[in-house]
Amino acid sequence: MGAEITIGELAELMQVSVHQIRYFEEKGVLLPSYTDTNQYRKYGIDQIYQLSQIILLRKLGMPVQAVKECMAESGQQVMEEKLHRSLVEIGGEIARLQLLEQFILKVLQEQGDFQMEKQSCQVKMREAMPLQKWFEMDSAATLDARTLAEQSVRVNALSETDIHYIYDRTNTVSLYTAVEPGGEVGRVLPAGEYLSCRLQVTDESVLKEEIGQFSRYAEQEYGELPGPLVLIEKSYLSLFSRDKLHYEILLCIESGDATGGADAR
DNA sequence: TTTCTTACA
DNA sequence: TGTAAGGA
């Protein structure tokens, strides 16, 4: 037998790494045709076909363990079932990547908006926004580590979500996040016209001051408004400027639906 | 030079 | 999976 090739040659032929071939062997997926006296692995034409099949199955998203089972059993049923499972998992992966894509687009969009609208108020139309209740706290309190740790409701990716602070005319502020999968809608901010102001602040006192200023401006321009003041914290924008928190303050001027009631005129 | 084993990021 | 060490 002189037709066999070395691991290096096989790797070159099949465009995979030598390490990967040894890994397949360790997992019992691909054994050499024989081992030479000098411990060198030797591979024949059968192994070449086997390896190409292994590579194909791996490319189809099948785990090495499942590939092993396929190679061992080689039944139609088994193959069909495993490919089906690969399909499901790939579907999940696609969904995960799409969420990531959406998030990146949103971050870039918000960042662009901040560049455009920095420190100036404007009126804009907004879609209805369903929110999930997180918790409430005293409106004079500030968010600290202890408060967050004590909440029974967990937010899975704090730095990826908009945190909505909703100030009704009470002494408490309610915190909401976007509705997470399986979450319960606790409140819906109505669609309609909103007065909006975006700002970046380094410390809390500035934020309080800005909110006060915003409220006074709103009252002066639009009179007493029925809706709550909404403060949205976009912590992911700190990616662009460290140490600064990015906020948008919103106040509904005229809602498109019945909730909150149309006023002024 | 190539491959082997083993260990590690 | 890739990379590195140290020996055959």
Side-chain angles (χ1 to χ4, degrees), chain A residues 1-111 145 148-149 154-161 163 177 180-182 234-246:
Chain A
M1 285 208 186
E4 283 77 16
I5 58 179
T6 65
I7 195 169
E9 290 172 311
L10 182 61
E12 167 70 22
L13 180 67
M14 304 303 293
Q15 295 290 288
V16 294
S17 67
V18 166
H19 186 273
Q20 197 170 15
I21 295 174
R22 290 202 195 101
Y23 178 71
F24 289 148
E25 181 180 334
E26 184 189 319
K27 294 295 165 190
V29 185
L30 177 73
L31 300 178
S33 168
Y34 68 95
T35 305
D36 219 341
T37 49
N38 59 4
Q39 294 272 281
Y40 283 19
R41 297 164 172 82
K42 293 290 190 151
Y43 301 88
I45 185 72
D46 289 348
Q47 284 70 48
I48 293 177
Y49 280 111
Q50 279 174 27
L51 181 53
S52 68
Q53 206 165 94
I54 293 166
I55 293 168
L56 173 61
L57 292 176
R58 291 290 293 130
K59 195 185 281 184
L60 298 185
M62 196 179 291
V64 177
Q65 184 55 36
V67 171
K68 180 183 177 183
E69 287 158 22
C70 280
M71 303 298 282
E73 311 195 20
S74 163
Q76 280 182 6
Q77 297 281 73
V78 183
M79 182 65 80
E80 228 172 275
E81 173 218 314
K82 297 217 184 295
L83 284 180
H84 200 268
R85 200 158 56 81
S86 286
L87 194 62
V88 171
E89 273 166 23
I90 288 171
E93 187 67 1
I94 289 173
R96 187 184 70 83
L97 290 173
Q98 278 174 336
L99 284 177
L100 272 184
E101 180 186 40
Q102 271 181 343
F103 177 64
I104 293 175
L105 286 171
K106 172 181 154 169
V107 170
L108 288 173
Q109 172 73 46
E110 291 279 359
Q111 162 70 2
L148 285 180
R154 294 278 173 245
V155 172
N156 57 25
L158 202 51
S159 58
E160 291 172 31
T161 78
I163 301 174
T177 61
E180 294 174 10
K234 300 166 191 289
S235 53
Y236 47 86
L237 288 182
S238 299
L239 289 172
F240 298 95
S241 49
R242 275 195 149 280
D243 308 331
K244 278 186 187 161
L245 278 174
H246 296 62

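If you're wondering where the values come from, they're calculated on a predicted model, not measured in any experiment. Each chain gets a letter, A, B and so on, in the order the sequences are listed, and its residues count up from 1.
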Length of the line joining A/E25:CD and C/dT1:C1', which is rounded to integer Å: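 The distance from CD of A/E25 to C1' of C/dT1 comes to 17 Å, rounded to the nearest Å.
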By side-chain contact (heavy atoms from CB on, under 4.5 Å) - contacts of [X] (at least two apart):
| X | value |
| --- | --- |
| A/K244 | A/Q200, A/T202, A/S241, A/H246 |
| A/N38 | A/D36, A/Y40 |
| A/E81 | none |
| A/T177 | A/Q132, A/W134, A/V155, A/T161, A/E180 |

List, one per line, each side-chain donor-acceptor pair under 3.5 Å for residues 93-104 of chain A, sequence neighbours excluded.
residue : atom : partner : partner atom : Å
A/E93   : OE1  : A/R96   : NE           : 3.3
A/E93   : OE2  : A/R96   : NH2          : 2.8

side-chain hydrogen bond (donor to acceptor under 3.5 Å, both in side chains) pairs, two or more places apart, involving residues 48-67 of chain A: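 For residues 48-67 of chain A, and leaving out neighbouring residues, the side-chain hydrogen bond (donor to acceptor under 3.5 Å, both in side chains) pairs sorted by first residue read A/Q65-A/E69.
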Basic-acidic side-chain contact under 4.0 Å: A/E26, A/R22: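 No, no charged N to carboxylate O under 4.0 Å.
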Residue-phosphate contact under 4.0 Å: A/S17 side-chain N/O, C/dG2 OP1/OP2: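 A/S17 to C/dG2 OP1/OP2: side-chain N or O found under 4.0 Å.
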Non-neighbouring partners of A/F24 that pass ring pair (Phe, Tyr, Trp, His ring centres under 6.0 Å), sequence neighbours left out: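 A/F24 satisfies ring pair (Phe, Tyr, Trp, His ring centres under 6.0 Å) with no other residue.
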All salt bridge (Lys or Arg N to Asp or Glu O under 4.0 Å) counterparts of A/K27, not counting sequence neighbours: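 Listed in chain order: nothing, the list is empty.
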Quiz: residues 12-20 of chain A side-chain donor-acceptor pairs under 3.5 angstrom, not counting sequence neighbours:
residue : atom : partner : partner atom : Å
A/Q15   : NE2  : A/E12   : O            : 2.9
A/S17   : OG   : A/Q20   : N            : 3.1

Interface with DNA chain B, restricted to residues 51-70 of chain A and to heavy atoms under 4.0 Å: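 The answer is none.
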Involving DNA chain B, stems made of at least three consecutive Watson-Crick or G-U pairs, both distances under 3.5 Å: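 For DNA chain B the paired stretches long enough to count as stems (3 pairs minimum) are B:4-9 with C:1-6.
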Heavy-atom protein contacts under 4.0 Å, nucleotides 2-9 of chain B, coded B base, S sugar-phosphate only, - none: BSBB----
